Amino acid sequence: MSTADDAPKSNFLRQIIDADLESGRHSQVVTRFPPEPNGYLHIGHAKSICLNFGLARDFGGVCHLRMDDTNPETEEAEYIAGIERDVRWLGFEWGDKLFHASDFFEEMYAFAEHLVRAGEAYVDHLDADAISDYRGTLREAGRPSPYRERSVDENLDLLRRMRAGEFADGTCVLRAKGDLASPNMKMRDPLLYRIRKASHPRTGDTWCIYPMYDYAHPLEDALEGVTHSICTLEFENNREIYDWVLEHTPAPARPRQYEFARLNITYTVLSKRKLLQLVGEGHVAGWDDPRMPTLAGMRRRGYTPEAIRTFCEAVGVTKTNSRVDMERLEGCLRDDLNHRAPRLMAVLDPIEIELVNRPEGEVTPLEAASFPDDVGKPGSRTVPLGRRVFIERSDFSEAPPKGWRRLSPGGAVRLRYGPIVRCEAVVKDADGVITGLRCVVDDDARANGTLHWVPAEAAVRAEVRLYDRLFSVEKPDQDPAGRDPLTFLNPTSLVVVKDARLEPAAALVTPATHVQFERNGYYVTDCVDSRADALVFNRAVTLRDSWARKVETTDEEAAAPVAKKADTRPQKKTRAQVREEARARDAELAARLTRYRDVLGLDESDADVLTGDRATGDLFEAALAAYADVPSVTRWVVNEVLAAAKDAPVDSLPLTGEALGALARMVDENVLSNSAAKEVFAELVERGGDPAEITKRRGLRQVSDADAIETIIAEVLAAHPDEVARYREGNQGLLGFFMGQVMRRSGGKANPGLTRRLLQKALAG
RNA sequence: UGGGGCGUGGGCUAGCGGUAAGCCACGGGAUUUUGGUUCCCGCUGACGUAGGUUCGAAUCCUACCGCCCCAGCCA
C-alpha cells in the first residue's frame, strides 16, 4: 500500500505491453503522438499525449511526436508550431524524435508501386460519387469498378503519370484491391492515393499525389519503428486495413494498433469540428479563448500542466465510452494551485466601510502571509489599513439567513489579517441602495466570520474576467432533440468586472504567476491583454464554496429530466443465427440437432450449440464414445471446450474426444476434483495427451481423506485468525475465502464437497 | 440492415474462478483569522437481464437487452 500511491494505474494497454515485453515480441517500447496539424490541441489530445509519452517513460521506451501531414489542403505551419509548443508546455520532450508523415512520402510511393506490381492495387478513374455508389451499403456488397482489372503495366504507367502531375485533381485515385463484399466497409477497395495539386507546408510542390490516412499511418509507424500504435475507438474498423497494408508491403516492422476511448467532459465539446465552429463563427475570441478546452485556452485561463497531467492520469484508459465530470478537472486545478498560488485580496463588487473610530489619515501596515499555515510556505506582503476599506457587497446582508457568517447590522466580523469590526449603521441613497457602512473597530466583539477586504485609498484597479463553463448543459453534443450544441452556449460564460479593487501588492504580480484571491478563486494575469499599468486577471476556477451549495440546493434539480430516446437499433446477426444457417446448409448438422435433442435428451440450447459446426459435434461424439455419460460430456464440451477455443474452431485444439471423455469419467468417479480436472484440461488444450498420465505425473489425484483435509483446514485457520473471528461474528461470506485457501493449499486436489462440510464444522467450533 | 466494439454505486475506474476495491461527488463531524485546505466517519451493499457450469461466478458458457462506431478523394 505504501508505494502503490505513485504507481501508475493498471490499464489494458499496460497489460498488453507487459505481455509483449515478457514474450520477447518487443524489447523496447516505441509509441507516438500523431496529431494532424489542422487545428489546436485540446484536453482530449492531452489524454493521448500523457498516455503515449507516459507509457514510453514508464517502460523505458521512447515516444515520437509526429505531424500527420498528409492533407495539404487543411494543414498549416501555424498549427505545427502551436502543437509543438503545447506538447512541450504539457511537460513532454521528444528529443530528436520529431517526425512528419511527409518525411516518408518517397518510401510510401515506392510501396505503392510495389502493390501495383503485385496486383494488389489499381488506378481507378471513377469519380467520387461513383466510387461511393459502387461501394455498396451496409447490407449490400459493393460492385467492382470497371477499371479494377487493368493490367499491371497500365496501372504502373497511370500511377507514374499521376505522380508526374498529368491528371487534374479528382480524375483518378489509387485503390487497394480489397474485398468488395467485406462486411467491413473500410475494406471495400480502400483509397490509397488521391491527387491534390496543393502546396504542402513542408514538401511545397514536390508532390501532387498524397497518401490517405489508412495507407500512410501504418507505414509511418513501421518506418519509425513504432511498436504500439495507440489511437481512439473510432478507428477500430480501420485496424483491418492497417494490418493489410503492413502485410502487403515490404514494411520494415510490424507495429500493432490498439484503440482506447476518447475523452469526453461535461459542459464542453471536444471535437475538432465543433471547436473550429466556435472559433470560426466568433462564439469565442479565438483558439486561445480561456473558455475553450484547447491547451492554449486552458493555459491562458490559468490551468497548469501539472493539473492537466494529474487529471489525465486520474480518468484512466479504457474502451468504454464515458464522460468525465468537469468538476473533476476543476478539482485537479484547485489541488495544484492551493499549494502554489500566493494569496491576495480582491473586491469585485465593493461597498465602502468607514471605520468611524479610526483617526483620519492614520495608516496601519498589516503583515499578511502569502500562504496559510497548512500550506506551509514562506512569504508575506503588507496591507495598509486606513479609515476606509472596501468589502464585497455579497458579504453584507441586512436580513441575514440562518447560518450567516458575514456582516450584518449590529454584527461583527474580522477583517482578514486585521481587526474585528462591528457594523453600526447602513448608509443608503434615495433609492434605498446601500452605498456604505459605518463600523467601529472593536477587538472585543465576537467575530461572526472573516472577510477579505481592500484598503479604499490604496486600492489598485484592475479588470477581472470571470470565466465559467462554456455550455449550460452537461452534454451539449448529445441533445435528445438533436439540437445544435450552440443552442446551449452559456450566456454568462464570461462576465467582465471592469474596475475591481485589489490590495496594493497585486500591482507587483509578475505575468503568468497564479494567485488566489482569498475566499474567491484562482486567477492569473491575462497573457495577452494585461499590462503593468492596466492589469487584467482571468479567473481560472472558483474556490469550492460549500455555503453557495447549501443555499442553492433548490434549482438545478428542477430542470426537467429529458426523456430517454427510445432509439431501438436493429440487432446484428447472432451466433444462434450463424449456427442455424450452418444447419440449413449441412444436413448432417441438422440431423445431429434432432438426434442430440430427441435421442440423447439434451436441452434445446445445448443441442444447438453443439451443432453449429462439424468439429464441435465430432469432438462431442468422440468423447461420448469414450465415456457414455451424456450430461457430463455435454457440460465439458459446452462450458469448457467452447471457452478454451474462444472463437477458433474446436478442431484447432490438440484435445481429442477420447481424452475429454476419459477426463469426464475421472471426475465422475471421484479420481479428480473439478478444479484439478481443470488443470488437466488446460494441459490437454495446450498440448494434448492422456488425462490419466497427466494426473499421475502432476500428482493431481483427488484427496478425499478427511484427516488430510482437516490438517490443511487447521493450518488455514491458524494462519488467518482475523478472518476466523470475523466469520464467527457473522461474516459468512468469508467461507469462500477459506475454501479458496484450502483448495489452494491442497493444490486443487481436495474434494470440494467434503472440504466444505469439514470447513463449516471447523469454523463453527 | 452487414460488421466492429462497450455495459461494475450518482460520475470515472480496479478486478482476470476464492472477503467487490479506489478516486470524485454526496452526507455528517473535527481543526481553521479563506464557508478554502487538511483529517476522520458514513455512502448496509454497484457487477445490464435471464438461464447454465462450479463447492464457489463481476470473472467461464448460452440467450436476450441497451449504448457507441463504420457506407469522405478527412484524420
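Residue numbers begin at 1 in each chain, while the letters A, B, ... track the order of the sequences. Bear in mind the structure is a predicted one, so any value in this text is a computation, not a measurement. Atom set for the values below is all heavy atoms of this structure, side chains included, hydrogens, waters and symmetry mates excluded.
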Base of B:rG52, side chain of A:N639 - is there a donor-acceptor contact under 3.5 Å?
yes
Of A:V375 and A:G740, the one whose closest nucleotide on RNA chain B sits nearer the 5' end is A:G740
Is the A:Y193-A:Y215 ring centre distance short of 6.0 angstrom?
yes
Return the value, rounded to whole Å, for the distance between atom CG of A:L451 and atom C1' of B:rG36.
14 Å
Using a cut-off of 6.0 Å, state whether more than 12 heavy atoms not belonging to A:K272 lie near its atom NZ.
yes
Aromatic ring of A:W547 stacked on base six-ring of B:rG35, 5.5 Å, 30°
yes
Residues A:S102 and A:D69: side-chain donor-acceptor under 3.5 angstrom
yes
Within the structure shown, what part of the strands sits under 4.0 Å from A:G170 by heavy-atom distance: base, sugar-phosphate, or nothing?
base
Please state the P separation for the pair B:rG15 and B:rG48 - nearest whole angstrom.
16 Å
In whole angstroms, how far is the C1' atom of B:rG72 from the CG atom of A:D214?
11 Å
Same-atom distance (P) from B:rC6 to B:rA14, integer angstrom
13 Å
Considering only heavy atoms and no angle criterion, is a donor-acceptor pair shorter than 3.5 Å present between the side chain of A:D545 and the base of B:rG36?
no
For the side chain of A:D335, starting at C-beta, report the closest nucleotide among B:rU38, B:rC55, B:rG15.
B:rU38
What is the distance from CZ of A:R328 to P of B:rA25, rounded to the nearest Å?
8 Å
When rounded to the nearest Å, what value does the distance between C1' atoms of B:rG51 and B:rG18 take?
23 Å
Where the side chain of A:F737 is defined as all heavy atoms beyond and including C-beta, which of B:rU19, B:rG2, B:rU62 is the nearest nucleotide?
B:rU19
Quiz item: A:R196 side-chain donor-acceptor pair to B:rC73 base, under 3.5 Å
yes
Residue A:N237, side-chain atoms from C-beta onward, closest of B:rC61, B:rG15, B:rG4
B:rG4
If you measure only the distance, is there a donor-acceptor pair under 3.5 Å linking the side chains of A:T634 and A:D606?
no
Between P on B:rC55 and CG on A:N674, what's the gap in Å once rounded to a whole number?
5 Å
Side-chain N or O of A:S322 closer than 4.0 Å to phosphate OP1/OP2 of B:rU13:
yes
Between B:rU34, B:rA14, B:rC55, which one does the side chain of A:M739 approach most closely?
B:rC55
Measure the distance from CG on A:N238 to P on B:rA75 and round it to the nearest whole Å.
11 Å
B:rC60 versus B:rG72 - spacing of their P atoms, nearest Å:
37 Å
Ignoring the backbone of A:K319, work out which of B:rC73, B:rG17, B:rC6 is nearest its side chain.
B:rC6
Taking atom C1' in both B:rG17 and B:rC55, what distance in whole Å separates the two?
12 Å
With hydrogens left out and only the distance checked, is there a donor-acceptor pair under 3.5 Å joining A:K9's side chain and the base of B:rG22?
no
What is the nucleic acid contact for A:E36, judged by heavy atoms within less than 4.0 Å: base, sugar-phosphate only, or nothing?
sugar-phosphate
What integer number of Å spans the P atoms of B:rA20 and B:rC43?
16 Å
Looking only at N and O atoms, is any donor in the side chain of A:D374 or the base of B:rG36 less than 3.5 Å from an acceptor on the other one?
yes
Could you give the CG-to-P distance, from A:N338 to B:rG36, as a whole number of Å?
12 Å
Counting only side-chain heavy atoms from C-beta out, which of B:rC61, B:rC12, B:rA75 sits nearest to A:T70?
B:rA75
Would you say the base of B:rU34 and the side-chain of A:Q516 have a donor-acceptor pair closer than 3.5 Å?
yes
Check for me whether the distance between the ring centres of A:Y213 and A:F235 falls short of 6.0 Å.
yes
Assign A:Y193 to base, sugar-phosphate, or nothing according to its heavy-atom contacts below 4.0 angstrom with the strands shown.
nothing
A:R544 near the nucleic acid: base, sugar-phosphate alone, or nothing, with a heavy-atom cut-off under 4.0 Å?
sugar-phosphate
Whole-Å gap separating P (B:rG18) and CE (A:M743)
12 Å
Could a donor-acceptor pair under 3.5 angstrom be found where the side chain of A:E640 meets the base of B:rC61?
no
Have a look at A:L126 and say if it touches a base, only the backbone sugar-phosphate, or nothing, with a 4.0 Å heavy-atom cut-off.
base
When we call it a touch if two heavy atoms are under 4.0 Å apart, what does A:G449 touch: a base, just sugar-phosphate, or nothing?
nothing
Flag if over 12 foreign heavy atoms under 6.0 Å of NZ, A:K761
no
Out of B:rC12, B:rC68, B:rG72, whichever nucleotide has its closest atom nearest the side chain of A:N321:
B:rC68
Would the A:H720 and A:F737 ring centres measure less than 6.0 Å apart?
yes
In whole Å, what separates the C1' atom of B:rU62 from that of B:rU54?
16 Å
Starting at CG of A:L13 and ending at P of B:rU13, how long is that distance when rounded to a whole Å?
13 Å
Ignoring hydrogens and angles, answer whether the base of B:rG11 and the side-chain atoms of A:R323 contain a donor-acceptor pair closer than 3.5 Å.
no
Worked check of salt bridge (Lys or Arg N to Asp or Glu O under 4.0 Å) between A:K319 and A:E236
CA-CA 11 Å; A:K319 299 187 71 138; A:E236 277 176 321; 3.2 Å; yes
Check whether the side chains of A:N38 and A:E75 place a donor and an acceptor atom closer than 3.5 Å, and report yes or no.
no
Assign each of A:D608 and A:E327 to its nearest nucleotide of RNA chain B by heavy atoms, then name whichever residue's nucleotide is nearer the 5' end.
A:E327
Which way is the base of B:rG72 turned, syn or anti, if we draw the line at 90° from 0?
syn
With sugar-phosphate meaning primed atoms plus P, OP1 and OP2, does A:R756 contact a base, only sugar-phosphate, or nothing at under 4.0 Å between heavy atoms?
base
Of B:rA75, B:rU19, B:rU33, the nucleotide closest to the side chain of A:T450 is B:rU33
Choosing from B:rG35, B:rU53, B:rU33, which nucleotide comes nearest the side chain of A:R414?
B:rU33
Has A:R194 got a side-chain N or O lying under 4.0 Å from the OP1 or OP2 atom of B:rA75?
yes
If you measure from the C1' atom in B:rA50 to the same atom in B:rA58, how many Å do you get, rounded?
16 Å
Given B:rU34, B:rG2, B:rA71, identify the nucleotide with an atom nearest to the side chain of A:P183.
B:rG2
